[in-house]
Peer 1: 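Questions regarding the structure given below will be posed in turn.
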Amino acid sequence: MSEQTPHVKKPGWFTVNVLNRSVAWLTRCGVSVWGSRVLEVRGRKSGEWRRTPVNVLTLDGRRYLVAPRGHVQWTYNMRAAGGGRLVLGRNVEEFTATEVLGDLEKITVLRGYLRRWKSEVGAFFEGVGPKSTDEELLAIAPKHPVFVIAPVRGE
């Protein structure tokens, strides 16, 4: 699974201009919509902070970011930066990120993510859902980067 499959499902106008902006605005105001946060990660070329709304999945005591739309800009930036910030209102949490490459862990995370947000993101997973077989999840896993995140501890 270490080989990347270029896969992107670009959002439509309504998603970009209404849904994402609404969720990002609510999140910046401190209202989390089903675990939403604003992800801030430095651009790999510009060094500028880039922002996008994301859903943080907590599973077995670990936290994950999943890219339902595939290998999008924030995933490339996350690989280059090795972490970023999660924002909810005035709370800003710095974190480190490590991409999940192991099949078993990735299948478990994708299943948990779909269990929680299938109604919101199911269209991006080609008919695969939380009740799909391990083989079906494994088949789509290369198209959806997953990162385990951990808070940066103060010194």
Side-chain angles (χ1 to χ4, degrees), residues 1-11 15-16 19-21 23-118 120-122 124-126 128 130 134 137-155:
M1 209 180 338
S2 61
E3 183 179 313
Q4 284 183 7
T5 302
H7 170 81
V8 175
K9 293 257 186 177
K10 292 195 180 261
T15 299
V16 169
L19 289 178
N20 281 357
R21 287 183 183 185
V23 170
W25 181 80
L26 285 168
T27 304
R28 282 192 306 273
C29 290
V31 178
S32 176
V33 181
W34 277 66
S36 67
R37 300 289 187 275
V38 172
L39 169 66
E40 295 182 342
V41 63
R42 287 206 183 267
R44 64 194 179 283
K45 296 175 185 172
S46 69
E48 303 273 329
W49 286 101
R50 304 296 183 192
R51 293 166 189 83
T52 190
V54 294
N55 293 321
V56 179
L57 175 69
T58 301
L59 192 64
D60 297 328
R62 297 179 84 184
R63 296 187 322 153
Y64 298 91
L65 293 176
V66 175
R69 291 182 177 275
H71 295 270
V72 293
Q73 293 302 314
W74 74 258
T75 64
Y76 294 110
N77 292 338
M78 184 72 71
R79 287 182 191 110
R85 303 187 296 215
L86 292 172
V87 180
L88 177 61
R90 293 183 180 177
N91 296 324
V92 178
E93 175 193 352
E94 291 190 35
F95 66 88
T96 60
T98 306
E99 191 162 5
V100 174
L101 299 175
D103 291 346
L104 182 58
E105 184 178 10
K106 195 162 185 185
I107 288 169
T108 302
V109 172
L110 289 173
R111 188 180 309 284
Y113 189 84
L114 287 164
R115 187 175 297 120
R116 175 91 189 243
W117 289 291
K118 183 174 189 276
E120 183 181 327
V121 300
F124 310 124
F125 287 89
E126 302 171 5
V128 174
D134 287 354
L137 285 161
L138 188 58
I140 61 143
K143 297 178 180 181
H144 302 281
V146 173
F147 296 86
V148 62
I149 61 173
V152 174
R153 300 288 179 210
E155 298 181 85

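Every heavy atom of this structure was used, including side-chain atoms; hydrogens, water molecules and symmetry mates were not. Owing to the predicted nature of the structure, the values given are computational and were not obtained by experimental measurement.
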Peer 1: Any donor-acceptor pair under 3.5 Å linking the side chain of Arg111 with the backbone of Pro130?
Peer 2: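 Such a contact is found between Arg111 side chain and Pro130 backbone.
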Peer 1: Considering all heavy atoms of both residues, which atom of Phe147 and which atom of Thr75 are nearest to each other, and what is their separation?
Peer 2: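 So the two residues come closest at CZ-O, 3.8 Å.
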Peer 1: Quick one: pull up CZ in Arg44 and CZ in Arg50 and give me the separation to the nearest 0.5 Å.
Peer 2: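 So the gap between those two atoms works out to 9.5 Å.
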Peer 1: For the pair Tyr113 and Val146, evaluate side-chain contact (heavy atoms from CB on, under 4.5 Å) and give the outcome as yes or no after the intermediate values.
Peer 2: CA-CA 10 Å; Tyr113 189 84; Val146 173; over 6 Å; no
Peer 1: Check whether His71 reaches the backbone of Pro142 with its side chain - one donor and one acceptor, N or O, closer than 3.5 Å.
Peer 2: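 Yes; at least one donor-acceptor contact below 3.5 Å.
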Peer 1: Could you please spell out the steps behind the side-chain contact (heavy atoms from CB on, under 4.5 Å) verdict for Leu39 and Phe95?
Peer 2: CA-CA 10 Å; Leu39 169 66; Phe95 66 88; 3.6 Å; yes
Peer 1: Do Lys45 and Tyr76 have side chains that get closer than 4.5 Å, going by heavy atoms?
Peer 2: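 Not touching, per the 4.5 Å side-chain cut-off.
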Peer 1: Just verifying a value: how many Å separate Leu57 CG and Arg115 CZ, rounded to the nearest 0.5 Å?
Peer 2: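 Atom-to-atom, Leu57:CG and Arg115:CZ are 9.5 Å apart.
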Peer 1: Provide the closest heavy-atom pair for Ala97 versus Ile149 in the form atom of the first, atom of the second, distance.
Peer 2: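 Closest pair (atom of Ala97, atom of Ile149, distance): CB-CG2, 4.1 Å.
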Peer 1: State, to 0.1 Å, how close Thr52 and Trp74 come at their nearest heavy-atom pair, and which atoms those are.
Peer 2: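 Heavy atoms of Thr52 and Trp74 come nearest at CG2-CD1, 3.8 Å.
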Peer 1: Report the C-alpha separation of Val66 and Asn55 in whole Å, then their side-chain angles, then the decisive distance to 0.1 Å, and conclude whether the side-chain contact (heavy atoms from CB on, under 4.5 Å) test is met.
Peer 2: CA-CA 8 Å; Val66 175; Asn55 293 321; over 6 Å; no
Peer 1: Take Val54 and Leu86 through the test side-chain contact (heavy atoms from CB on, under 4.5 Å) and record every step on the way to the result.
Peer 2: CA-CA 9 Å; Val54 294; Leu86 292 172; 4.2 Å; yes
Peer 1: Can you measure from OG1 (Thr98) to CZ (Arg79) and round to the nearest 0.5 angstrom?
Peer 2: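 One gets 12.5 Å once the value is rounded to the nearest 0.5 Å.
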Peer 1: If you take all heavy atoms of Pro68 and Phe124, which pair is closest and at what distance?
Peer 2: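 Answer, listing the atom of Pro68 first, then Phe124: O-CB, 3.1 Å.
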Peer 1: Determine the minimum heavy-atom distance between Trp49 and Glu40, stating which atoms define it.
Peer 2: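 Scanning both residues completely, I find the closest heavy atoms to be CZ3-O, 3.5 Å.
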Peer 1: Is Lys106 reaching over with its side chain to a backbone N or O of His144, donor-acceptor style, under 3.5 angstrom?
Peer 2: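 Answer holds: yes.
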Peer 1: Going by side chain to side chain contact (heavy atoms under 4.5 Å, CB included), Val128 matches just one of Leu110, Leu137, Leu138. Which one?
Peer 2: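 Exactly one pass, corresponding to Leu137.
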Peer 1: Restricting to non-hydrogen atoms, name the atom on Ala81 and the atom on Val41 that form the minimum distance, rounded to 0.1 Å.
Peer 2: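 Shortest heavy-atom separation between Ala81 and Val41 comes out as CB-CG2, 4.0 Å.
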Peer 1: Is Glu93 salt-bridged to Arg37, going by a charged N under 4.0 Å from an acidic O?
Peer 2: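 No, Glu93 and Arg37 are not salt-bridged.
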Peer 1: Within the side chain of Arg42, is there an N or O that forms a donor-acceptor pair under 3.5 Å with the backbone of Gly47?
Peer 2: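 Checked: pair present.
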Peer 1: Does the side chain of Arg51 reach to within under 4.5 Å of the side chain of Val87, using non-hydrogen atoms?
Peer 2: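 Not touching, per the 4.5 Å side-chain cut-off.
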